[in-house]
Amino acid sequence: MTRKKHLLSIILSLALTAACVPAAFAAESAFTDVDTTSYYSDAVDYMSENGYIAGMTETTFGPDVTVSRAMAVTVLYRMSGEASAEYTGVFSDVAEDAYYAEAVEWAAANGIAAGYVDGTFAPNASVSRQDLASFIYRYAKAEGADVAVADDESLADFADADDVSDYAKEALTWAVSNGIIYGTDNGLEPAAFSTRAQLAVIDYRYATLGAEAEEPAEEEPAEEEEPEEEEEEAAAVTVETITVASTTREEAQIPTYVTLPADYSTENTYPMVILCHGHGGNHNEWGGFDTITNGVAENGIIAVTLDYPGCGDSTESFQLNTMTNMKNDTMDVLNYVIANYSVDADSVGIFGYSMGGRIALELVADEAYDFAALELVAPAEDTEALITNFGGEEVWEEMKAEANENGYIVYTTVYDQVLELSAEWFADIERIEDGLAEAAAEKYDGNSLVIYAVDDTVVLPEVSIAVAEILGSEVAVTPADGHSYGFYGTTPETITITNDGSINFFVGELIK
């Protein structure tokens, strides 16, 4: 942003703040989910009216939606006047036609936001409060603003000041000393994820920085209370446990779990995501999916999970755990929820982890449903690689022969799970020897996200990379925890990239 444009924003803010009344920009917000008495109301109005930040829909802003890296730099890019930023493909996970492509390239070129050592930008990764402070600080430096800090002890009053990462201390010190970040009742909370409300407020405060000092002193304004950044506790989502009758197995009931937004009403319709768990897992991967299902529900999306045969609360034998049955169960549950809940049938996404990723790909290739968004976490797409995981071709053939003779074999996984693999299971896996991702790509032209770990030894990185390239997917890479991801992993960055990346992806794709 040029200094001329910055001065213009200050002049505009003077005209607006001189009135010294709440909700200065409008008697009512343009967004139905922005209370005019909230701490962020004026900021949202200013930022949206100036074209810096758009609503999630024409009528909703999404103040509680977590900010992604792509979102954060896009707002700053718009504030800069959208300076020329030619796409060069510097990041492997930023497609040229992504809405944030130019903003990301501009941010990288101007030292505002860097990528990762593996050449990715991780556009869907969530942004912490200290990250947000760092972005706006580097933006200020890039546009030539004075970022000198008069009070280098400005963080001393916060009990959690020691929790601030070294890379962010200078930025947070500057932001706090200039009134851009006030902190919350709990302190700075540097590692807490930022919301769209906080993004609007922090960027708004920077855009109007200096307005009070330059305001004509005709009348000293009444002292106002410092705005609270602490948000009200969101209403809890609701999880309904139901059973859905199988259309292919007589008397079989599919355990199903429907996570509903707090404001769920039959008078409205909601996007939906159905999640497919891994081989031998259960509907929420023993609690690992809960962050994602709750997160999308908190943002207005119905989340649906189910237990495949022999898993979780299923009363059926694991011998029925075949690709055919799992795909049929997924569609039975999907169709039931669409028919019995207020679902926007044109905004349904699918998520698949490991073997669940193979299920999702097969459903897409089969054109079982016209999905609006597709996410795969370490998808078990490669049949040859799967056979290798089971001990190689020779062992596989021996196992298959025994299953064909006896109906099933007893197999103990690397996680010490004892599973009964049926002859039908082997046949289903071999039904697609190669080209599953290609078959899915022929039938699917929507946006997709693939997440993989650099140290995954179950579904090798090259398998996920190949799938992503074939589908033209965005890619997010986790640095540790192997095949555990955010579901069983312990590394904070892994958990953040997997869980919040997934939430941001579906919110961005399904809430228009």
Side-chain angles (χ1 to χ4, degrees), residues 237-249 252-261 264 266 268-278 281-285 289-290 292-294 296-297 299-309 311-314 316 320-377 379 428 439-440 443-449 502 505-507 509-511:
V237 300
T238 302
V239 181
E240 295 189 355
T241 301
I242 60 175
T243 57
V244 174
S246 167
T247 60
T248 57
R249 300 186 307 283
Q253 296 292 319
I254 308 163
T256 302
Y257 311 82
V258 184
T259 305
L260 299 172
Y264 177 77
T266 55
N268 301 316
T269 59
Y270 302 82
M272 179 183 120
V273 175
I274 188 163
L275 291 84
C276 307
H277 68 73
N282 77 335
H283 73 280
N284 65 351
E285 287 295 346
F289 281 179
D290 287 350
I292 297 173
T293 54
N294 290 340
V296 296
N299 286 291
I301 299 172
I302 297 172
V304 181
T305 59
L306 66 151
D307 287 324
Y308 291 123
C311 298
D313 289 332
S314 169
E316 296 184 279
L320 294 171
N321 192 279
T322 64
M323 291 297 298
T324 297
N325 285 338
M326 290 188 287
K327 289 194 299 178
N328 287 337
D329 286 5
T330 301
M331 292 308 303
D332 283 344
V333 167
L334 183 150
N335 289 326
Y336 178 90
V337 174
I338 290 176
N340 291 276
Y341 290 82
S342 294
V343 175
D344 178 356
D346 293 326
S347 296
V348 176
I350 187 168
F351 170 106
Y353 164 55
S354 195
M355 191 65 79
R358 189 180 182 95
I359 293 169
L361 283 170
E362 288 202 24
L363 288 173
V364 170
D366 294 344
E367 294 186 285
Y369 196 85
D370 185 14
F371 293 105
L374 167 65
E375 180 182 347
L376 307 168
V377 178
D428 269 2
K443 307 296 185 181
Y444 181 76
D445 59 3
N447 291 331
S448 55
L449 170 67
S502 300
F505 172 72
F506 284 117
V507 169
E509 293 300 321
L510 300 181
I511 298 182

With a 4.5 Å limit on heavy-atom distance, are the side chains of [X] and [Y] in contact?
| X | Y | value |
| --- | --- | --- |
| Asp313 | Tyr257 | yes |
| Tyr341 | Leu260 | yes |
| Glu509 | Glu375 | no |
| Ser246 | Asn328 | no |

Rounded at 0.5 Å granularity, tell me how far [atom1] in [X] sits from [atom2] in [Y].
| X | Y | atom1 | atom2 | value |
| --- | --- | --- | --- | --- |
| Glu240 | Asn340 | CD | CG | 10.5 Å |
| Thr330 | Asn335 | OG1 | CG | 10.5 Å |
| Gln253 | Ile242 | CD | CD1 | 10.5 Å |
| Asp344 | Ile511 | CG | CD1 | 11.0 Å |
| Asp366 | Lys327 | CG | NZ | 4.0 Å |
| Leu306 | Met326 | CG | CE | 10.0 Å |

Task: Partner set under side-chain hydrogen bond (donor to acceptor under 3.5 Å, both in side chains) for Ser448, not counting sequence neighbours - done: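 For Ser448, the residues satisfying side-chain hydrogen bond (donor to acceptor under 3.5 Å, both in side chains) (neighbours in sequence not counted) are Ser473.
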TODO: Show your reasoning for whether side chain to side chain contact (heavy atoms under 4.5 Å, CB included) applies to Leu334 and Phe371.
DONE: CA-CA 11 Å; Leu334 183 150; Phe371 293 105; 3.6 Å; yes
Open item on the list: Donor-acceptor check, side chain of Asn321 to backbone of Pro309, threshold 3.5 angstrom: yes or no?
Closed with: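 At least one qualifying donor-acceptor pair exists.
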Task: Donor-acceptor contact present, side-chain Tyr264 to main-chain Ser342, <3.5 Å - done: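 Side chain of Tyr264 to backbone of Ser342, a donor-acceptor pair under 3.5 Å: yes, one is there.
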- [ ] Answer yes or no: does atom CG of Asn268 have more than 12 heavy-atom neighbours from other residues, nucleotides or ligands under 6.0 Å?
- [x]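 It does: Asn268 CG has more than 12 such atoms within range.
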- [ ] Apply the test side chain to side chain contact (heavy atoms under 4.5 Å, CB included) to residues Leu449 and Phe506: give CA-CA distance (whole Å), side-chain angles for both, the deciding distance (0.1 Å), then the verdict.
- [x] CA-CA 9 Å; Leu449 170 67; Phe506 284 117; over 6 Å; no
If I compare all heavy atoms of [X] with all of [Y], which pair ends up nearest, and what's the gap?
| X | Y | answer |
| --- | --- | --- |
| Leu510 | Ala372 | CD2-CB, 3.8 Å |
| Pro261 | Tyr270 | CG-CD2, 4.0 Å |
| Ala365 | Ala440 | CB-N, 3.8 Å |
| Tyr444 | Leu374 | OH-N, 3.3 Å |
| Gly300 | Pro271 | O-CD, 3.4 Å |

- [ ] Would you please say whether a donor-acceptor pair under 3.5 Å links the side chains of Thr305 and Asn284?
- [x]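 The answer is no; no qualifying pair exists.
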TODO: Could you tell me whether the side chains of Asp428 and Thr324 share a donor-acceptor contact shorter than 3.5 Å?
DONE: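 A pair is found: one side chain offers a donor N or O, the other an acceptor, under 3.5 Å apart.
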[X]: which of [options] passes side-chain contact (heavy atoms from CB on, under 4.5 Å):
| X | options | value |
| --- | --- | --- |
| Thr256 | Val244, Asp329, Ile274, Thr241 | Val244 |
| His277 | Phe351, Tyr353, Tyr308 | Tyr308 |
| Ser502 | Val296, Val273, Leu275, Ile292 | Ile292 |

- [ ] Start with the C-alpha gap between Met323 and Ile359, add the side-chain angles, then the distance that decides, and say whether side chain to side chain contact (heavy atoms under 4.5 Å, CB included) holds.
- [x] CA-CA 7 Å; Met323 291 297 298; Ile359 293 169; 3.8 Å; yes
Open item on the list: Please determine whether side chain to side chain contact (heavy atoms under 4.5 Å, CB included) holds for the pair Met331 and Thr247, giving the CA-CA distance in whole Å, both sets of side-chain angles, and the decisive distance to 0.1 Å.
Closed with: CA-CA 10 Å; Met331 292 308 303; Thr247 60; over 6 Å; no
